[in-house]
Novice: 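Below is one structure. I have some questions about it.
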Amino acid sequence: MTDDTLSRPTVHALLADGTTVCIRPVRRDDHDQVQGLYEEMSPETLRLRFFAVSRRSAATAADRACAEQHPGYRSLLAETGGRVIGLAEYDSGGAGDTAEISIAVADGLHHRGVGTVLVEHLVSAARAEGITGFTADALSENHEVLKLFADLGLRTARRFEGPEVRCTIALDQSDTYLTAVEERGRAADVASLEPLLWPKVVAVVGAGRKPGSVGRAILHQLHAGGYTGRLFAVNPAASSILGVPCHPSVSALPRTPDLVVLAVPAATIPATAEECGKAGVRAILVVTAGLDADQARALLAACRSHDMRLVGPNCLGISNTDPKLRLDATFAAGHPRPGTAGVAVQSGGVGIALLDGMSRLGIGVSSFVSLGDKYDVSGNDMLQWWESDDRTDLALLHLESFGSPRAFSRTARRVTRRMPVLTVDAGRTEAGRRAAASHTAAAATRTMTRGALFTQAGITATRSVGELLEAAALMHSQPLPAGLRVAIVTNAGGAGVLAADACAEVGLELPAPGSELIDDLLDALPAGAAAGNPVDATAGVTEQQLGDCVDRIMRSGAVDAVLVALVPTAVAAATGDDLVRALTHAAPGRRPKPIVAVRLEQGLPVELLPATVGGTVPAYAEPQAAARALAHAARRAAWLARPAGTVPDLDGVETQRAHAVVEAYLDRHPDGGWLDPRECAELLGCYGIPQLAWGWADTEDDAVLTADRLRGADGRVVMKGHWPGLVHKTAEHAVHLDLRGDHQVRAAFRDLETRFAGLLEGVVIQPLADRGTELFAGVVQDQVFGPLVLFGLGGTATEVLADHAARLAPLTDHDVHDLITAPRCAPLLLGANGARPVDLKGLENLLLRLSRMASDLPQLAEADFNPVLASPGGVTVLDARVRLLPCRPQDPYLRRLR
């Protein structure tokens, strides 16, 4: 379920203490409540708000807020339990880009973040209206409101005028502001999850007296797992179940639960949730599946109106293994082992597999949440919980959908610098948009979009639960490799070859050892050993020799990791040597580089072998698994080593003019469509995107005149036909190349006019472009993920070759570098075989400006630049297509519940 604030302007957000508040526009029928808000204020609060105390102040303020809103004016209120507790408004006077702001919060509710969250929503609304600054007057003794402005994270200036202070607030969406909003949101989110993940009292509704029900299974898990809080069951037909006292209803419980588990039929879920809310419950867990749309809406409405967080429905349950709590509210077969991995999944089956895998590896679980249909609590919530607890050092996710991917990305970027965040990339086989109109949309598959999100956020994306466990085992137990260089050591040549192939297939490097290292290794190894890479230690290697060999490789600095592939031999058995012990005898500090084992006879896909002096070493049954885990670890290390990217400032951007171009087009075409060449060029010009010179002609004579004006030194031009809806000109044979002289121009025009009679509106004429590499750049606006920027090899074969990379906008400097270097065609751009590199700065500039255009204009459904000509002398767009759709802007970083 999603919260579309365009069709439903009422939203919910969390206050600083974790309680839920409703934020919505003021209506006319709110007059009495708004007036009451002011009338209930103390004289001192009224004086600070209005600079004086008057009996008419409350009525006048209510009249203003509840009147029909005029352009440039916006008022929002905050309410909880049907009571108005705060009001914020701005007024620009209908002109200019600055508005006056005012805030009022009910007495007794200060310092809970009511005013701050209202101002954040006003800031977002004002930006959408083109307002760039707020002003506010306050008494210099009104320390609370002055602190509110100062702590927003926005640039604020103060000017003292006697007893008053004039505050000026710039509304630019800087990273400083977004970070401040995130921090407020994180603190509120964690506070709201306390009743869910650290409940002092739990009740289970739907636990039957006979075995077989899900509710009874959860009650059993809670009771048998040793939950340390108070536990109740709700069942009107029993006095106790499994030794747990029963009561006929939630309202009849002797203590109000923090958390209630609902395992009752779908039809009764809304009423039961409503009962929980009225009883003061703060969190509910709904394991029931099969809710219809009406039941779903009623469930979420009950949670919002009664300030309850919700997990589910259709989920496995939740768990917090802290020894002080021991909460296991799941119906999994066993109890999760306490540990340090946080796990959040949408699929119950995946959840059971991860719980079992983490327990088997010995890593264990700190907390587990099965999100189910994810009406409320999400992966983003759990990342923030794990970031704030003192137990979790590894985060595992299985997410099939994202409520706010851009907000999730910012959270994940922050969290993954503190701990590894791994995910199973579910839904990779979803078909691409085969019916898409443009090259950009055809290339932008869901797989590519999710991949961009994970890459930019530093999330380790795996292809299966097994691969996730492989990577988790290594990242939990070993230091990260500093690079891609791996040394392979084996006691069987065939195993070494398999390991070498596996490493090469995932992009790891196998450097040949230098002569000094070769001599050093041969001194340590038995006769007949080969000190290459792989190092063949032979079947006769002893435990001591193998350990010495690994230590010498570690000390050499020639590699970043060591993979040891072992097979059991009769030689080792006869001498009593334990070759595996050679890998686990050293303390982690003595081996600061990762070491992994491959044991082909191993029964389990991955195990953690205990080291003799502490720590563990991961052992894999297949060399492919070990290589994949090392590659994931190396990519994480590279991501951590690179400073966080920044979105560069761009000169020559005319955002307001671009908005005017878009609005003018959509006024003429309310359903949207493709811009014609003139409109397209104007929009690109607003962002300084370089375009090849061009001219428009709608008659044969105009075509000749335009061609004469645009001919270069060689006198050749190109003619492209245009009519509404035309996207692939080459496929429609609507392009004439290499036209020389007026005769050929006239003949080309007449050909297009004849073949496309009734369609052709005119032609675009351009000089024949110089030689260069034909590239492709584009944007597609994903309804969930936002704008996705694509880049790769262009020309007529762009879809056939599919050599594209993608990143989500807005692009940072690092994202642009990755976009340019990721496609297979990158060596052509960087200067392969002695050729000069193309204008890389110009290419970066083009992609950054395209990203800015997509970020500024939510109405931009697609932009397709193909080809983009890149050469050492510059970068130019030869052909551009842009499609607009009516769409009102939404702030992806605005604090609100789903």
Side-chain angles (χ1 to χ4, degrees), residues 474 478-479 481-504 508-602 609 611-613 615-624 626-627 629-630:
L474 191 151
Q478 295 290 304
L484 299 171
R485 303 171 302 167
V486 177
I488 297 172
V489 180
T490 184
N491 67 339
V497 172
L498 291 175
D501 287 341
C503 288
L508 298 173
E509 301 170 2
L510 299 175
S515 58
E516 184 175 340
L517 178 57
I518 290 174
D519 292 341
D520 195 27
L521 294 179
L522 291 177
D523 283 344
L525 294 171
N533 195 2
V535 175
D536 186 352
T538 76
V541 67
T542 66
E543 178 182 332
Q544 180 66 46
Q545 289 171 329
L546 183 62
D548 287 346
C549 174
V550 170
D551 286 339
R552 294 183 187 200
I553 292 173
M554 289 275 190
R555 291 195 302 266
S556 72
V559 296
D560 305 302
V562 177
L563 184 157
V564 182
L566 298 175
V567 297
T569 66
V571 177
T575 59
D577 283 302
D578 185 346
L579 298 184
V580 173
R581 190 166 56 208
L583 311 182
T584 60
H585 79 284
R590 286 183 53 194
R591 288 178 175 170
K593 298 173 184 178
I595 182 170
V596 301
V598 172
R599 301 191 301 165
L600 298 179
E601 82 286 0
Q602 181 172 291
L609 308 177
T612 56
V613 287
T616 53
V617 174
Y620 300 90
E622 294 286 345
Q624 292 84 356
L630 281 172

Novice: If you count the non-hydrogen atoms of other residues, nucleotides and ligands that lie under 6.0 Å from CD in E601, is the total more than 12?
Specialist: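 For E601, atom CD is crowded (more than 12 foreign heavy atoms under 6.0 Å).
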Novice: Is there a side-chain contact between T542 and P526, using heavy atoms and a 4.5 Å cut-off?
Specialist: no
Novice: Looking at every non-hydrogen atom in both residues, tell me the closest pair between A582 and E543 and how far apart they are.
Specialist: CB-O, 3.3 Å
Novice: I553 and S556: which non-hydrogen atoms are nearest, and at how many Å?
Specialist: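 Smallest heavy-atom distance, with atoms named: O-OG, 2.7 Å.
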Novice: Donor-acceptor pair, distance only, cut-off 3.5 Å: does the side chain of K593 make one with the backbone of V562?
Specialist: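 Between the backbone of V562 and the side chain of K593 there is no qualifying donor-acceptor contact (under 3.5 Å).
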Novice: Between T538 and A529, is there a donor-acceptor pair closer than 3.5 Å when you use the side chain of the first and the backbone of the second?
Specialist: no
Novice: Might you point out which heavy atoms bring I595 and M554 nearest each other, and give the distance in Å?
Specialist: CB-CE, 3.8 Å
Novice: What heavy-atom pair brings Q545 and A524 nearest, and what distance separates the two atoms?
Specialist: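 Heavy-atom minimum between the residues: CG-O, 3.3 Å.
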Novice: Please report the closest heavy-atom contact between N533 and A487, naming both atoms and the distance.
Specialist: OD1-CA, 3.6 Å
Novice: Please report the interatomic distance CG(D520) to SG(C549), rounded to the nearest 0.5 Å.
Specialist: 9.0 Å
Novice: Would you compute the distance between atom OG1 of T584 and atom CG of D578 and round it to the nearest 0.5 angstrom?
Specialist: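 Answer rounded to 0.5 Å: 7.0 Å.
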Novice: So, does Q602 use its side chain to make a donor-acceptor pair with the main chain of A619 at under 3.5 Å?
Specialist: yes
Novice: Which residue in the set L525, N491, I518, L522 passes side-chain contact (heavy atoms from CB on, under 4.5 Å) when paired with V535?
Specialist: L525
Novice: Apply the side-chain contact (heavy atoms from CB on, under 4.5 Å) test between V541 and each candidate in L579, D536, T569; give the one that qualifies.
Specialist: L579
Novice: Indicate the atoms forming the closest heavy-atom contact of P481 with A561, along with that distance.
Specialist: CB-CB, 4.4 Å
Novice: Do the non-hydrogen side-chain atoms of V617 and Q478 ever get within less than 4.5 Å of each other?
Specialist: yes
Novice: Hey, what do you get for CD (Q624) to CG (L498), rounding to the nearest 0.5 Å?
Specialist: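 If we round to the nearest 0.5 Å, Q624:CD and L498:CG are 7.0 Å apart.
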Novice: Among L510, I488, V486, L563, find the residue that satisfies the side-chain contact (heavy atoms from CB on, under 4.5 Å) test when tested with P534.
Specialist: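 Exactly one pass, corresponding to I488.
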Novice: Output the distance between atom CZ (R552) and atom CG (L521), rounded to the nearest 0.5 Å.
Specialist: 7.5 Å
Novice: At what distance, to the nearest 0.5 angstrom, does OG1 of T616 lie from CG of L609?
Specialist: 8.0 Å
